[in-house]
Amino acid sequence: MKKTDIIDVIARKLAPFIFLFGFYLVAFGHRTPGGGFQGGVVIASGVILLALGRNPRAALSAFPVSRLSVAEVLSYTLLLALGILGMTLGGRFLENILPTYGGGILPRVSFIFALNIVIGIKVGAGVSLICLHLFERESR
Amino acid sequence: MGEEKRNPRRTVKRLFHGLLDLIALLVVVALFVVVLTPGEAGEAGRAGGAAGAAPEEPAPSVGGADADGADDGAAGRAATRTEGGVEIAAGRIRRHILEHGTAETGAYNLVTAIYLGYRAFDTLGETIVLLLAVSGVAHLVRAKQ
């Protein structure tokens, strides 16, 4: 595929809106169709679009492979920690402990909201890592 | 250094592995078919009733009736209800999720209520699968330097 400047310009202009839409899907996953997995894949597609330009290293300077790996592992650990948090307070693994321990401050859906965000970051980082590894291999 | 590949041995070995793969594939397909087809006694309903007896969220209406799982499928399958002119065959799990899903989990999106509320452990398994895929790709791509 011939890499022209058009892809570069359009990708760099469009990527922020793709990320915004991905975050919207993740954040509103408990109300509208969407959620962690769907929004995460959209975020990854924004990263991949940036990598398709003429100079992928410059375009991807905000998403190096090491940073994405750290983000993926951290968010997975956070997911496990959210699950164990319920167990420390006397519930079950991954149980929503907000009805019994959160008081009246946080609504019950905050647990699902937090899980959505964590899963969104994890899936976004994971899928973009897969594609970035394959792009690295291709350019060798 | 002439390496003579024994043709008959190699063919038998490949046939053997191919046969094993075929048997594994048939077993997996048979398992899917058995679990997913609604049989005479409502196998899917019974499996759903047995699995629903121990949900993630405390649901007294579902957990209380796990003793009569045998006639669960039949009773649930026979009961239909009309909603907006469309008849919905309501099994117990489906009815419970439709009626109490929003109240118990807080999510208006019932799909999210199921996979992050009632069955969040399976979602954890999904993330493990993704982690495995990413590390597999990273390993296989780097190894060929």
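Values below: all heavy atoms of this structure, side chains included; hydrogens, waters and symmetry mates excluded. All chains are named by letter (A, B, ...) in the order of the sequence lines, taking the proteins before the strands, and each is independently numbered beginning at 1.
- Heavy atoms closer than 4.5 Å to chain B are found nowhere in A:Leu132, neither backbone nor side chain.
- Neither the backbone nor the side chain of B:Thr102 comes within less than 4.5 Å of any heavy atom of chain A.
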The test is side chain to side chain contact (heavy atoms under 4.5 Å, CB included); show your working for B:Thr105 and A:Asn96 and say whether it passes. CA-CA 8 Å; B:Thr105 54; A:Asn96 193 352; 5.8 Å; no
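- If you measure heavy-atom distances from A:Thr32 to chain B, the contacts under 4.5 Å come from the backbone alone.
- Ring pair A:Phe113/A:His30 is perpendicular by interplanar angle, where above 60° counts as perpendicular and below 30° as parallel.
- Taking the six-membered ring for Trp and the full ring otherwise, A:Phe21 and A:Phe17 have centroids separated by 6.0 Å or more.
- There is no contact between A:Val73 and chain B, counting heavy-atom distances below 4.5 Å.
- Hydrophobic cluster membership is shared by A:Leu98 and B:Leu116, with clusters built from Ile, Leu, Val, Met, Phe, Trp and Tyr side chains linked at under 4.5 angstrom.
- Looking at A:Leu129, only its side chain comes within 4.5 Å of chain B, counting heavy atoms on both sides.
- Residue A:Ile130 touches chain B through both its backbone and its side chain, counting heavy-atom pairs closer than 4.5 Å.
- Of the possible donor and acceptor atoms, none in the side chain of A:Ser75 sits under 3.5 Å from a partner among the backbone N and O of A:Ile121.
- Of the two parts of B:Leu131, the backbone and the side chain both hold a non-hydrogen atom closer than 4.5 Å to a non-hydrogen atom of chain A.
- Relative ring orientation between A:Phe63 and A:Phe19 is described as tilted, the plane-to-plane angle lying within the 30° to 60° band.
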